[in-house]
Amino acid sequence: MPVSRLLPLSEAIDRFVPDGSSIALGLAQETLIPFAAGHELIRQKKRRLTLIGPISDILFDQIIGAGCVHKIRAAWVGNVITGSCYNFRRAVESGSLEMEDHSNLTLAMALRAGAMGVPFMPARTALGSDLFKTNTNLKTMTCPFSSDQLTAVAALRPDVAIVHLQRADIYGNAHAWGNLGLIRDACLASRHIIITAEEIVEPDVISRDPNRVITPGYRVNAVAHAPWGGHPSPVPGFYNRDHQGFIDYRTESKTQETFLDWRKRWVDSVHSWQDYTKLLGKKRMAQLALTHHDFSESVDYGY
Amino acid sequence: MPVSRLLPLSEAIDRFVPDGSSIALGLAQETLIPFAAGHELIRQKKRRLTLIGPISDILFDQIIGAGCVHKIRAAWVGNVITGSCYNFRRAVESGSLEMEDHSNLTLAMALRAGAMGVPFMPARTALGSDLFKTNTNLKTMTCPFSSDQLTAVAALRPDVAIVHLQRADIYGNAHAWGNLGLIRDACLASRHIIITAEEIVEPDVISRDPNRVITPGYRVNAVAHAPWGGHPSPVPGFYNRDHQGFIDYRTESKTQETFLDWRKRWVDSVHSWQDYTKLLGKKRMAQLALTHHDFSESVDYGY
Amino acid sequence: MSYTLPELMVTAAAREVADGEVVFVGMRLPLLGFLLAKSTHAPEAVGIYELGIVRDTLAPEPILTMGDLPNLYRARWLADTADMMGLLQQGQVDVSFIGGAQIDRFGNLNTSYIGGAENVTTRLPGSGGACDLASLAQRHIIIMNHQKRRFVPQVDYITSPGYGTGTGWRRKVGLPRGGPTTVITTMGVLQFDPQSREMILVSVHPGISQETVQDNTGWPLQIAEELTQTPKPTENELAMLRRFDPQRYWTGP
Amino acid sequence: MSYTLPELMVTAAAREVADGEVVFVGMRLPLLGFLLAKSTHAPEAVGIYELGIVRDTLAPEPILTMGDLPNLYRARWLADTADMMGLLQQGQVDVSFIGGAQIDRFGNLNTSYIGGAENVTTRLPGSGGACDLASLAQRHIIIMNHQKRRFVPQVDYITSPGYGTGTGWRRKVGLPRGGPTTVITTMGVLQFDPQSREMILVSVHPGISQETVQDNTGWPLQIAEELTQTPKPTENELAMLRRFDPQRYWTGP
């Protein structure tokens, strides 16, 4: 039998994310953002990280604000419903953060190239744009067949992908549903994988539906149980998006001082998912709970 | 509301597969092979077709034997459990069939390039092989970043993908499960899509599980109800592989005369799926039925 | 019925969608524009969302972001970003909407670096999917605040390509199709000269003069021969819109 | 316990898999070899199947093809061919098995055109995934009928690259890794000289002489200094194997 990969979140981050790591996270854009794991990076004072992801929706800003980040490879760093993010702005404008500018498509292709095991992927986007000026992993090239002008996107192979999803077994086999963004490609492309899951389930819950598996479990290094680990982003099947959380963060992160207060309250004082849900409070969790359920029809994998 | 795309199989093939079409089919290799649709191509005496697929497992041989095929773009054409296929051999050896030799990987990349809307995809396979001699859609190239030697695989955009799967609604929304092979990429890459389905179900059966959808229904041109439409290949959730069917076909196709007998019995005398199942017989269908069921756990897409 | 400026803009955006079109739907106002089109004159429009969603029905509840769970509920397809980008890159997207912080006369957009990448004064969030939509949709619509500091002769950084330096530029750099057709601003609606590819003011919003638009534009603005007034939202459009944004988060005064 | 030649070959193949390895499993005999390894000395081996299956447990019933439903039942992952090929192309596959119709001294395989593509006398099924496995696995094992017409100085067509023309060839053509390490035939087992990359007979099957092997090989065959006899299947191996192929479809006499 395979060995259990179930670890406390703190140990998973400690063991598989050394300083200097490149980390793919926030891969499904607005949904399934691994906030609990991101906050653990902050608590453990990780340094010189490279963060990789399409749009991030405030998680990158939080990790940048805590001083953990050396470089960003992303298409958009901000707060989807309020706009710019302040820690990110401060870091770029002061010159302390290296930036590799992608579009969503070039980042998707960079991870897909990594997933496919090829050194680059061609694309038709971004031609004529200035992304080429601030991203040396984009080059123009000529198609060997059609002589079309193309954008070559260099492969990305993150050291670790951190993925929050709905349910996993202790062996690293896991289900995600909803929009999947770059999750599947990033898992294939990355050297290590850490999964945080709303639920740890019996192995047969996963193995009775292998099409819903996100990546083969033998490639997963750690599984951590993290209920509400995606909050304030939405997790299909578990809770709705906490819009107020994103709106509040705009004010909370406006200055370095207010950000420190936010960090004390939401990160430093939290030592477990139980702490986090206590802080969140039953009332707020109830407000975010699903009120309209909609269950998938079963399918038969028998023989 | 969208309009129904439900058509009798004969009308679907008549309307969306003109002579000279390039057709992707048999995309999941051993499973979910669209035999019913392939037989309809034969009955309608289609001509000058190009068949595209990874390994085909006797269906290509049947369509070749009926004189419908001008060109094959495939990695392997044969009978998985018996070896070579005779109509294919006769056609290639007599020079009447054009062949574009792929590997499974190069064919997957050709369709993925079509799906992604790029004119080619790089790969690391086949270097030094003679596939380059018999496939002008492969070229060696140098990586613009690493200067690695690579195989450039030209994009394939079939005129039509024909896919057999488990359940569809009348609007073209459909679920498939099991190994998916090149089905998803081929559907994205193809200009038209014909789906044959074991079951036509209420739309909500599909829409309650959008992750299991194979391609967006608005891109599907026709849906035909075809119970046992994958026989003798296996269809997860419906029936096991009819090994005897593949073993018998070896003898049945050994000469042009025996093939004609096979064709009369299994294709020309059949005018509906009801005819086919009658020919198959209740006993044989019972032998192929699933005896061990294994149902997936439901997931919640509520809000 | 009184209306707000964002409501006028969203309504103008919605009218750019023809029935049955495939729309690549962006965040914020474009999200509302698509919902409004869908619920009025374009019921058969199909929405593609970059995070991996295809849907052709309205979400059952108001949504603020494309990832809100009601937008996933009974979607036609939930899949990978790469799948959505494939449809876009193939040319299967008819129209898309993007916003911008800085625009020039040829419709190039900057949402990355004010001051340019070398001497950045303000770092903006970046492209997201905007560069891709501007590169690869059959056409794209831009939604902007109309201010002189935003309407500049030349953008500091091209995040999302418009017509570059004018006629023939897109073809020259290798873009396979597309380009901006309409810019909907807080003051009016602009289109592009089919020859020169330069922006032309075609309508002003009620209460806004041609001169005010010029005063807020950083170059001598071309004006259409028959300058019109942007049509006001109808009561039906407003009613729909307020259903989608009941708390007036995006379309409040 | 008596055994058949295919049983001996499958057993030899199975022994090439080390515990915990990732195996890209081909059709026919390789399928049985993997199952046998898994059920004896390599219980933690992981199987990847090109049609879109990853599984690390035995199928609950005998299977004849990798697409048989018991092979899908409780798989670890059911996905796309491109996903499996990605793992292979990245170099994440330790070992693979392929068959061949024609082989040369450097382990190049032809499963496409006897007579060559220009003057084809016999058209064979083609590559399938074999070319990819031979190109991209860390190492691959070949299973062959040992006949003079099959063991030729130079193959008519390279479907699946071995060592090409010898030392340094794979690197020169750009293959990132790999190469054949073992050829299991109906007569013996061959490996490759680490310097010249030419095939060397390392063991003969019980009852087969070195001379018989040479007579059935189309070039002067190199022989290992310590030529051994291929180990017979153990009772346990045979018992397992017959569970996987109860009707002796693949391993009958």
Side-chain angles (χ1 to χ4, degrees), chain B residues 1-5 109-121 155-158 161 168-176 180 182-193 195 202-220 299-303, chain C residues 19-24 38 42-49 51-94 132-133 135-138 174-178:
Chain B
M1 276 299 286
V3 290
S4 170
R5 292 161 169 89
M109 289 306 97
L111 288 169
R112 178 154 273 196
M116 295 304 306
V118 290
F120 83 99
M121 210 69 116
L156 257 175
R157 297 215 53 203
D169 71 19
I170 62 170
Y171 304 112
N173 304 294
H175 283 172
L180 296 177
L182 314 181
I183 290 179
R184 291 198 279 212
D185 283 321
C187 284
L188 278 176
S190 296
R191 293 185 176 84
H192 298 89
I193 301 169
I195 284 175
E202 288 301 313
D204 81 285
V205 173
I206 307 300
S207 62
R208 279 189 282 114
D209 197 352
N211 283 112
R212 218 183 284 285
V213 167
I214 221 63
T215 211
Y218 78 88
R219 296 187 64 250
V220 173
V299 307
D300 185 356
Y301 289 95
Y303 56 90
Chain C
D19 198 15
E21 286 195 311
V22 176
V23 185
F24 208 106
K38 200 59 214 159
E44 301 299 322
V46 174
I48 298 181
Y49 301 75
L51 73 179
I53 304 171
V54 174
R55 67 179 300 131
D56 61 4
T57 54
L58 294 172
E61 282 201 354
I63 55 175
L64 282 182
T65 83
M66 51 176 109
D68 288 5
L69 299 190
N71 206 40
L72 276 60
Y73 168 88
R74 305 221 173 171
R76 283 292 166 230
W77 199 28
L78 292 174
D80 299 343
T81 292
D83 296 317
M84 308 300 128
M85 291 299 172
L87 292 169
L88 175 65
Q89 203 158 226
Q90 283 186 34
Q92 293 199 27
V93 169
D94 296 306
D132 310 316
L133 295 168
S135 298
L136 298 167
Q138 296 292 346
L175 290 169
R177 67 186 78 90

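Reminder, nothing fancy here: chain letters follow the sequence lines and each chain counts from 1.
- Interface remark: B/Arg157 contributes side-chain atoms only to the contact with chain C (heavy atom separation under 4.5 Å).
- Each salt bridge (Lys or Arg N to Asp or Glu O under 4.0 Å) pair with one or both residues in residues 55-64 of chain C, not counting sequence neighbours, appears once here: C/Asp56-C/Arg76.
- For B/Ile206, no part lies near chain C; criterion is any non-hydrogen pair under 4.5 Å.
- Interface summary for chain B: among C/Leu136, C/Leu87, C/Leu88, the most heavy-atom pairs under 4.5 angstrom belong to C/Leu87.
- For the set C/Pro43, C/Pro60, C/Ala79, the entry with the most heavy-atom pairs within less than 4.5 Å of chain B is C/Pro60.
- Put simply, of C/Ala75, C/Gly91, C/Gly52, C/Gly20, the one with the most heavy-atom pairs under 4.5 Å next to chain B is C/Ala75.
- Looking at B/Asn173, only its side chain comes within 4.5 Å of chain C, counting heavy atoms on both sides.
- With a 4.5 Å cut-off on non-hydrogen atoms, C/Asp68 does not touch chain B at all.
- Summarising the geometry, atom CZ belonging to B/Arg208 is positioned 9.5 Å from atom OH belonging to C/Tyr73; distances are rounded to the nearest 0.5 Å.
- Closest heavy-atom contact between B/Met116 and C/Gln89: O-NE2, 2.6 Å.
- The minimum heavy-atom distance between C/Val54 and B/Pro216, with the atom names listed, is CG1-CB, 4.0 Å.
- Only the side chain of B/Arg219 comes within less than 4.5 Å of a heavy atom of chain C; its backbone N, CA, C and O stay farther away.
- The two residues C/Ile48 and B/Tyr218 have their closest heavy-atom pair at CD1-OH, 3.7 Å.
- Scanning residues 182-192 of chain B against chain C with a 4.5 Å non-hydrogen threshold yields B/Leu188, B/Ala189, sorted by number.
- Annotation: maximal heavy-atom pairing with chain B below 4.5 Å, among C/Val46, C/Val22, C/Ile53, occurs at C/Val46.
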